[in-house]
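For ligands, and for the atoms within them, numbers begin at 1 and follow the listed sequence. The analysis underlying the following values was restricted to heavy atoms, covering all of them including side chains, and did not include hydrogens, waters or symmetry mates.
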Amino acid sequence: MDWLRKLLHPHACPARTSSLDVRQARHVATLHHLGGFARGWDPGECAALLADASVVTDGVFAGSSAVPSGFVMSRKAADEAEILSIVVKPDQRGSGLGRALLGAHLGQLAARGVTQVFLEVEDGNAAADRLYRHFGFREVGRRKGYYPKPDGSKATAVTMRLDLA
Ligand SMILES: CC(C)(COP(=O)(O)OP(=O)(O)OC[C@H]1O[C@@H](n2cnc3c(N)ncnc32)[C@H](O)[C@@H]1OP(=O)(O)O)[C@@H](O)C(=O)NCCC(=O)NCCS
C-alpha cells in the first residue's frame, strides 16, 4: 500500500494501533462521549457494534497504555465502507494520534477489499476536515440541517469520499 506509506510521514507519531473488540466497549463508549457528539453511544450499543462482523474498529494507544487514546469505527458493505466515528481523547489531540489511527484503519479496510470509503463530518470541524483531506478524502455532497446542535440550531453535514484502489 504505497499510497498509504507516502501519506504517513517518516516522523509520524509512533503510536501503536490495533483492532478493538467487544472487551473494549466501555472505553469506546467513554471516548465517543468525549467526541462531543449530540447523541452518545452507551456501552451496550458499543458492544453490539464491536461484535458486528461488518464493523471494523481500530484503537490507538499512547506510550505503554493498555487503554486506547482514540478509536475509529467503520461499517463495511461489499467493497464500500462508511466511517461511523473517530475520536481522540481531548488532552491528546494535535500530536498525530488521529493520523496514525486513520492511516492504520484505512490499511485494514484496504486489506479487506474496501475500495471506497465514505463519511459525514460537520461543516466547520477543522481538525477532522484536515485529517480526512490529509488522506485524500474529497467532498462529494452536503446535507443542510443534518446535525442537531445543543442550542437548537442544525449544522450542515459534509459527505466525503476516498478511493482506496
Ligand atoms: C478529529 C480528531 C480525531 C483528530 O485527532 P488528532 O489526534 O487531533 O489528529 P492529528 O494530531 O493526527 O492531526 C491530524 C490533522 O489535523 C490537524 N489538526 C489537528 N487539530 C486541529 C485543529 N484544532 N484545527 C485545525 N487542524 C487541526 C493537524 O494539523 C493534522 O493536519 P495535517 O495532517 O495536515 O498535518 C480529533 O480532533 C477529535 O477527536 N475530534 C473530536 C471528534 C470529532 O470531531 N471526530 C470527527 C467526527 S466526523
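- Shown in contact with G96 at under 4.0 Å from a heavy atom are these atoms of ligand 1, numbered in order with element: 10 (P), 11 (O), 12 (O).
- Looking at ligand 1, you'll find an N or O of R130 within less than 3.5 Å of one of its N or O atoms.
- The existence of a salt bridge linking R23 and D21 is confirmed by a sub-4.0 Å separation between a basic side-chain nitrogen and an acidic carboxylate oxygen.
- A distance-only check finds no donor-acceptor pair linking the side chain of S65 to the backbone of A62 [under 3.5 Å].
- Contact atoms of ligand 1 toward S95: 11 (O) (distance under 4.0 Å to a heavy atom of the residue).
- For the pairing with L49, the side chain to side chain contact (heavy atoms under 4.5 Å, CB included) check across V28, V22, L84 returns one residue only, L84.
- A salt bridge links R39 with E45: the distance from a Lys NZ or Arg NE/NH1/NH2 to an Asp or Glu carboxylate oxygen falls below 4.0 Å.
- Residue-to-ligand polar distances keep F37 apart from ligand 1: every N/O pair is separated by 3.5 Å or more.
- Considering A157, G94, S69 only, the shortest heavy-atom separation from atom 8 (O) of ligand 1 involves G94.
- Note on ring orientation: taking the six-membered ring where Trp is involved, the planes of F71 and W41 are tilted (angle from 30° to 60°).
- Salt-bridge check for E122 with K149: passed, with a basic side-chain N closer than 4.0 Å to an acidic carboxylate O.
- Polar contact check, I86 against ligand 1: a nitrogen or oxygen pair lies under 3.5 Å apart.
- Using a 4.0 angstrom heavy-atom cutoff, E120 counts as in contact with ligand 1.
- For the pair D163 (side chain) and A165 (backbone), a donor-acceptor distance under 3.5 Å is absent.
- Taking a cut-off of under 4.0 Å to the non-hydrogen atoms of V87, the atoms of ligand 1 that pass are 39 (O).
- Atom numbering of ligand 1 starts at 1 in the shown order; those under 4.0 Å from a heavy atom of H134 are 33 (O).
- Residue R133 places its CZ atom among more than 12 non-hydrogen atoms of other residues, nucleotides or ligands, all under 6.0 Å distant.
- Residue contacts with ligand 1 for Y147 are absent, since no atom lies close enough (heavy atoms, distance under 4.0 Å).
- By heavy-atom distance, the residue among V60, N125, V88 lying nearest atom 39 (O) of ligand 1 is V88.
- Ligand 1 has no nitrogen or oxygen under 3.5 angstrom from a nitrogen or oxygen of Q92.
- Annotation: A128 places no N or O atom under 3.5 Å from an N or O atom of ligand 1; distance criterion only.
- The shortest non-hydrogen separation linking A104 to T17 is CB-OG1, 3.3 Å.
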